[in-house]
Enquirer: 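I have a structure here, written as structure tokens, and I will follow up with some questions on it.
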Amino acid sequence: MTTDMKAALCRHYGPPEGVKIANHPRPIPRGDQALVRVTAAAVTLGDARLRAARVPAGMGPLVRLAFGLRAPRHPVLGMNFAGILAQDGPFPQGTRVMGVTGLRGGAHAEYVAAAADRLFPIPQGLTDAEAAGFFFGGLTAASYLLDKARLAPGTRLLVNGATGEVGCAAIQIAAHAGAQLTATARAENHGFARSLGAIETHDYRQGLPQGPFDVILDVAGTLPWARAKPLLAPGGTLLLVTASLWQTLGALLRPRRGSHRVAAGVALDTPAAMARLLRLHAEGAFRPVIGASFPFADIAKAHALADSGHKRGSGVVLMDQATATAMAAK
Ligand SMILES: NC(=O)c1ccc[n+]([C@@H]2O[C@H](COP(=O)([O-])OP(=O)(O)OC[C@H]3O[C@@H](n4cnc5c(N)ncnc54)[C@H](OP(=O)(O)O)[C@@H]3O)[C@@H](O)[C@H]2O)c1
């Protein structure tokens with residue numbers, strides 16, 4: 001006999017209001033998984049994209065083949081969470097943990113079964129909300145800036161789309177690496193971008209910023225090769241965090257463009273990448289920014305915020321306000 005739990009169910013691709021809280025069978029962990037009682041979960045643009053099947057050009061058919069033609073095959077979305085180990089696993093029962101489920105989702109629920117090697121104890125000083133918002137932007141920014149661009153002190157870097165979930169992490173990691181950082185966002189977010197480590201700021205509604213840049217991190221997906229090329233310094237690199245199928249294939253098949261380089265692709269959530277991000281946090285290079293939090297019952301509002309394309313940092317849902325508050329680190 002299975003036990004039920006409350007979960008946010010997405011039974012059709014569509015708008016935020018289609019996500020409904022309902023009873024759903026509690027997951028039964030397989031051999032390599034552990035059961036976690038979720039206390040907070042991020043509602044990312046990745047979750048919102050899957051909910052709506054709204055993805056960069058050319059990716060739609062692939063996404064529907066992988067996740068379900070008319071509706072998500074796994075109706076519980078959510079890839080990033082914080083919680084409490086519900087049974088002994090990689091750590092003793094009761095340990096505060098944070099983790100990712102990958103594209104299979106499942107974290108927008110009271111319980112999630114997650115791969116044991118993708119669970120980590122929550123570092124001292126992080127709230128449950130911060131732990132839930134830790135990996136999505138951080139893993140993406142670290143993968144692009146440290147692995148693909150090999151950022152070094154003095155690198156002239158443009159982060160295009162700098163105050164959302166990926167951008168907040170990118171600014172911090174780049175500043176820690178000593179990059180000369182220009183951040184784009186609306187003017188009302190410029191003070192916020194500077195507080196995270198940006199040196200120069202630019203309002204993208206005023207046209208393109210002044211180059212040249214050694215590295216351009218295009219988070220917003222508004223700087224394809226033809227627009228970005230004039231801004232690149234000789235030998236510069238364009239990193240397409242948001243890319244159409246054709247841009248992704250182009251970057252794969254023709255990464256060299258004269259003296260320039262173009263890279264795209266999915267940032268991996270391997271245990272090694274997660275452990276590196278935790279080390280960056282311990283060094284003071286990265287702390288997640290929680291722009292908004294909602295009670296679980298209002299998860300549709302968190303989806304709507306993610307849909308907006310203008311959120312600051314991460315949006316999270318708190319499963320049980322009282323528990324999450326009580327567990328907030330001092
Ligand atoms: N490749 C990968 O592995 C990977 C991983 C994670 C995410 N992503 C992709 O990365 C993208 C961003 O994710 P996110 O979570 O950071 O999004 P987000 O939290 O919604 O942030 C969006 C950012 O873009 C800015 N922005 C909005 N419109 C813009 C425009 N026209 N020009 C320049 N900047 C603009 C916003 O600034 P204002 O608020 O000031 O407008 C904000 O800073 C998504 O498309 C997501 O799918 C890719």
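Atoms within a ligand are numbered from 1 in the order they appear, just like the ligands themselves.
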Enquirer: Near Ala267, which atoms of ligand 1 are under 4.0 Å from a heavy atom of that residue?
Expert: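 Listed by number with element, the hits are 2 (C), 3 (O).
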Enquirer: For ligand 1, which part of Thr163 has a heavy atom less than 4.0 Å away: the side chain, the backbone, both, or neither?
Expert: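 Both of them.
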Enquirer: Which is it for Arg49 and ligand 1 at heavy atoms under 4.0 Å: side chain, backbone, both or neither?
Expert: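 It is the side chain that touches ligand 1; the backbone stays farther off.
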Enquirer: What do we get for Phe192 next to ligand 1 when only non-hydrogen atoms under 4.0 Å count, side chain, backbone, both or neither?
Expert: neither
Enquirer: Output, in order, the C-alpha distance, side-chain angles, deciding distance and verdict of side chain to side chain contact (heavy atoms under 4.5 Å, CB included) for Arg70 and His12.
Expert: CA-CA 7 Å; Arg70 291 173 194 286; His12 311 279; over 6 Å; no
Enquirer: What part of Ala243 sits under 4.0 Å from ligand 1 if we count only heavy atoms: the side chain, the backbone, both or neither?
Expert: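 Neither; no heavy atom under 4.0 Å.
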Enquirer: Please classify the Thr242 to ligand 1 contact at 4.0 Å (heavy-atom distances, strictly less than): side chain, backbone, both or neither.
Expert: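 It is the side chain that touches ligand 1; the backbone stays farther off.
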Enquirer: Of the side chain and backbone of Ala185, name the one, both, or neither that has a heavy atom under 4.0 Å from an atom of ligand 1.
Expert: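 Under 4.0 Å from ligand 1, Ala185 contributes backbone and side-chain atoms.
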Enquirer: Less than 4.5 Å apart, side chain to side chain, heavy atoms only: is that true for Phe286 and His176?
Expert: no
Enquirer: Report the member of Gly265, Gly313, Ser308, Ala170 with the shortest heavy-atom distance to atom 2 (C) of ligand 1.
Expert: Gly265
Enquirer: Should you measure from each heavy atom of His310, which atoms of ligand 1 turn up under 4.0 Å away?
Expert: 27 (C), 28 (N), 38 (P), 39 (O), 41 (O)
Enquirer: Do you know which of Leu119, Thr101, Ile84, Thr95 makes side chain to side chain contact (heavy atoms under 4.5 Å, CB included) with Val36?
Expert: Leu119
Enquirer: Return the orientation label for the Tyr204 and His310 ring planes: parallel under 30°, perpendicular over 60°, tilted otherwise.
Expert: parallel
Enquirer: Identify, by atom number and element, the atoms of ligand 1 in contact range of Thr140, meaning under 4.0 Å from any of its heavy atoms.
Expert: 4 (C), 5 (C), 6 (C)
Enquirer: Examine the proximity of ligand 1 to Thr222 and report which part, side chain or backbone, both or neither, has a heavy atom under 4.0 Å away.
Expert: side chain
Enquirer: Is Leu45 close to Glu165 at the side-chain level, that is, under 4.5 Å between some pair of heavy atoms?
Expert: no
